[in-house]
Number of protein chains: 2
Amino acid sequence: MKRPTLAVVAARAGVSKSSVSRVINGETTVAPEIRDVVMQAVRELGYVPNAAARNLVTRRTDAVAVVVSDPPKGVVSDDPLFSTVVRTVSRELEAVGRRVVLMLAESDESRARVERYVAGGHVDGVMLVALHGADPLPAALARMGLPVASFNRTAATDVPYVALDNAGGAELAVRHLLDRGRRRIATITGPLDLYESRERLEGYRATLRDTGRRSIVALGDFTRMSGAEAMRQLLEDDPDLDAVFAANDLMAIGALRTLHQAGRRVPDDVAVVGFDDIEAAAYTTPALTSVRSSMADQATATVRLLLALIKGGPRKPVIMPNDLVVRESS
Amino acid sequence: MKRPTLAVVAARAGVSKSSVSRVINGETTVAPEIRDVVMQAVRELGYVPNAAARNLVTRRTDAVAVVVSDPPKGVVSDDPLFSTVVRTVSRELEAVGRRVVLMLAESDESRARVERYVAGGHVDGVMLVALHGADPLPAALARMGLPVASFNRTAATDVPYVALDNAGGAELAVRHLLDRGRRRIATITGPLDLYESRERLEGYRATLRDTGRRSIVALGDFTRMSGAEAMRQLLEDDPDLDAVFAANDLMAIGALRTLHQAGRRVPDDVAVVGFDDIEAAAYTTPALTSVRSSMADQATATVRLLLALIKGGPRKPVIMPNDLVVRESS
DNA sequence: CACCCCTCAGGGAGCGCTCCCTCACCCTTC
DNA sequence: GAAGGGTGAGGGAGCGCTCCCTGAGGGGTG
């Protein structure tokens with residue numbers, strides 16, 4: 001079952017290859033009757049251009065690599081970030097007619113594979129989701145000269161990114177807890193090699209400092225399990241705490257479980273606020289108050305940034321605002 | 001910044017293009033010293049083969065399309081299925097050196113795009129996740145003669161698939177509830193155009209029938225919200241029910257919320273069992289009993305099936321077993 | 001020693017497409 | 001009516017690679 005080529009279509013239509021090519025590529029300098037006869041032949045033969053041949057000569061690929069760089073322990077099998085981001089990005093890119101090549105970079109080996117692939121010129125640009133601060137990949141990709149846009153801020157300062165107002169979001173959360181009359185407000189941080197985590201922590205610290213209160217900090221890594229563990233730690237260290245700000249919802253969910261197991265009532269004994277406002281936040285018991293940051297919007301913004309870069313636009317970061325969604329947990 | 005070609009490498013190494021090609025492709029009929037000098041040149045020049053040129057002549061693409069066909073309402077932004085499946089599949093395919101082209105089919109337009117793309121011979125095979133029973137895509141793809149493997153059973157009978165023992169899983173859940181002394185056991189179904197849903201419902205019905213009990217059924221669509229809604233319905237229709245089997249965990253989570261809001265204690269008043277054992281199931285309040293079905297294993301099996309098909313293997317379905325994970329909710 | 005076979009390197013056609021260049025033709029203008 | 005310009009079709013080179021074919025050379029055999 002051999003697919004027809006340009007030449008076959010041309011023969012069928014009784015015109016030259018060049019004309020068929022022009023019609024296929026929507027050039028305007030084609031007489032209507034030629035256009036029609038070519039389209040007719042295309043339809044009859046079910047002709048589809050061979051992309052390999054095309055981009056061999058044009059050097060364009062119309063493809064974008066979406067690279068999710070996440071250490072192996074990030075085996076959060078149902079991490080909502082992955083789902084939301086990949087899905088949104090895919091939708092957005094397909095809408096502008098670009099192919100999405102998904103690549104996971106979970107190890108040195110797969111990172112090398114990504115570099116090789118990108119260096120191979122198989123894509124017009126790279127959208128990067130690098131969830132680990134010490135990740136060498138952003139810098140490596142930036143060095144290749146290909147357009148790269150990152151979903152989050154990375155250590156590679158020359159990679160344009162989209163970011164949230166993390167400190168502002170944390171402040172929103174903490175002020176809300178203070179307004180509710182909470183006095184001993186702890187936090188569970190994300191992995192501190194990530195800007196997101198550091199900024200959220202800094203926002204928390206600064207807000208408490210401004211009101212003359214001390215910080216109570218436990219380290220997490222953005223997973224449910226780490227949230228549960230950190231909450232246990234906090235209860236042990238400071239049994240009198242009356243509120244927790246978790247740097248993401250997944251950890252807040254883990255914290256809720258620990259609090260439940262420890263017999264603390266939420267929000268009566270301990271108020272909980274998360275960050276991200278994922279879908280699941282509305283379905284916890286009690287429903288979770290959270291800083292809304294629309295990962296989908298952030299993902300869309302990143303795609304727009306990348307497309308702009310590919311067109312030769314300026315390499316400047318984008319900052320997204322966020323707000324607070326108050327539910328039962330606080 | 002032009003990338004070096006085979007010819008350049010050949011010139012540098014002082015050998016023919018053919019020899020370089022042989023080395024690059026790991027053919028064994030090459031003298032070691034030639035191999036070495038070629039590898040040296042490749043390294044020095046940073047040569048990466050041009051995939052377009054290569055697959056123009058070989059007709060292989062080393063790429064696989066992963067098509068997620070999901071109606072627009074499936075905008076479950078953090079659906080764990082998507083995340084788990086896409087991630088696992090990607091990992092598995094990259095391990096065997098294949099590129100993953102991710103495509104969403106959410107509308108007629110995008111479905112047409114997928115068909116056109118696949119027809120264009122850009123991929124060696126298609127892994128399909130078609131979450132809608134009436135989806136015309138599986139049949140359309142099957143018609144193209146390209147290897148297609150589906151993550152779930154579809155209406156297109158000629159598409160090889162991987163499936164769970166859905167009826168068996170449902171029976172496991174219902175028997176467990178009966179063993180716990182529950183007598184009025186309701187179910188929340190998935191969308192009934194899906195085999196999964198129908199089989200789980202049938203397993204539930206058959207088990208109750210065997211023990212002389214009647215079915216209490218509410219319809220859901222696999223989303224949290226539909227689970228919450230269905231649970232409301234059930235409480236209204238049959239206030240005395242003492243157990244619910246939800247056809248997936250997301251709906252079980254929704255049901256938990258409704259039960260909480262309605263003041264029913266779980267499991268004291270109403271026991272709840274879900275299906276899938278997603279990560280979140282362990283973090284609900286109370287933690288959710290669920291039929292474990294490892295979507296990851298199912299995804300892996302589908303990839304294996306697809307790779308086998310590409311190699312010319314037999315087109316036969318694979319059935320996966322499942323078991324029950326008992327937690328606090330039952 | 002002659003012959004044959006086998007191994008392995010090089011030459012070159014050709015994959016399907018784009019795009020530059022040429023050229024035919026028609027319309028305009030003097 | 002001849003010349004010039006503009007429009008649009010066709011010819012063909014060439015993108016970078018693979019793979020078939022040719023042929024050189026070495027070793028084994030009778």
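Note: hydrogens, waters and symmetry copies are ignored here, and every other heavy atom, side chains too, is used. Below, chains carry the letters A, B, ... as their sequence lines are ordered, and counting in each starts from 1.
The cationic group of B:Arg87 lies under 6.0 Å from the six-membered ring centre of A:Phe82 and within 45° of the ring axis, placing it in a cation-pi geometry.
Every residue two or more places apart in sequence or in another chain that forms a side chain to side chain donor-acceptor pair (under 3.5 Å) with A:Arg98 is listed here: A:Asp124. Partners of B:Gln40 by side chain to side chain donor-acceptor pair (under 3.5 Å), not counting sequence neighbours, listed by chain and number: B:Arg43, B:Glu44.
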Nucleotide N/O to protein N/O under 3.5 Å, stretch nucleotides 16-21 of chain D:
from, atom 1, to, atom 2, distance (Å)
D:dG16, OP1, B:Lys2, NZ, 2.8
D:dG16, N2, B:Ala53, O, 3.4
D:dC17, OP1, B:Tyr47, OH, 2.4
D:dC17, OP1, B:Asn50, N, 3.1
D:dC17, OP2, B:Leu6, N, 2.3
D:dC17, N4, B:Lys17, NZ, 3.0
D:dT18, OP1, B:Asn25, OD1, 3.4
D:dT18, OP1, B:Asn25, ND2, 3.1
D:dT18, OP1, B:Arg54, NE, 2.8
D:dT18, OP1, B:Arg54, NH2, 3.2
D:dT18, OP2, B:Ser21, OG, 2.9
D:dC19, N4, B:Ser18, OG, 3.4

Tabulate protein N/O versus nucleotide N/O from nucleotides 23-28 of chain C, keeping only pairs under 3.5 Å, one per line.
none

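Screening B:Val129, B:Val159, B:Leu194 for a side chain to side chain contact (heavy atoms under 4.5 Å, CB included) involving B:Thr154 leaves a single residue, B:Val159. For the pairing with B:Val123, the side chain to side chain contact (heavy atoms under 4.5 Å, CB included) check across B:Ile310, B:Val64, B:Leu146, B:Asp62 returns one residue only, B:Leu146.
When all heavy atoms of A:Lys316 and A:Leu305 are compared, the closest pair comes out as O-CD1, 3.8 Å. Taking all atoms of both residues into account, the shortest heavy-atom contact from A:Leu93 to A:Leu307 is CD2-CD2, 4.1 Å.
Residues in residues 299-312 of chain B take part in these side chain to side chain donor-acceptor pair (under 3.5 Å) pairs, two or more places apart or across chains: B:Glu92-B:Arg304.
Residues B:Asp193 and B:His132 have side chains that bring a donor and an acceptor to within less than 3.5 angstrom of each other. Looking at B:Ser107 and B:Ser110, their side chains do bring a donor and an acceptor atom within 3.5 Å of each other.
For B:Ser19, no side-chain nitrogen or oxygen approaches OP1 or OP2 of C:dA9 to under 4.0 Å.
Comparing the end axes of the helix from C:dC1-D:dG30 to C:dC30-D:dG1, each fitted to five base pairs by superposing C1' atoms of four pairs onto the next four, gives an inter-axis angle of 50° (nearest 10 degrees).
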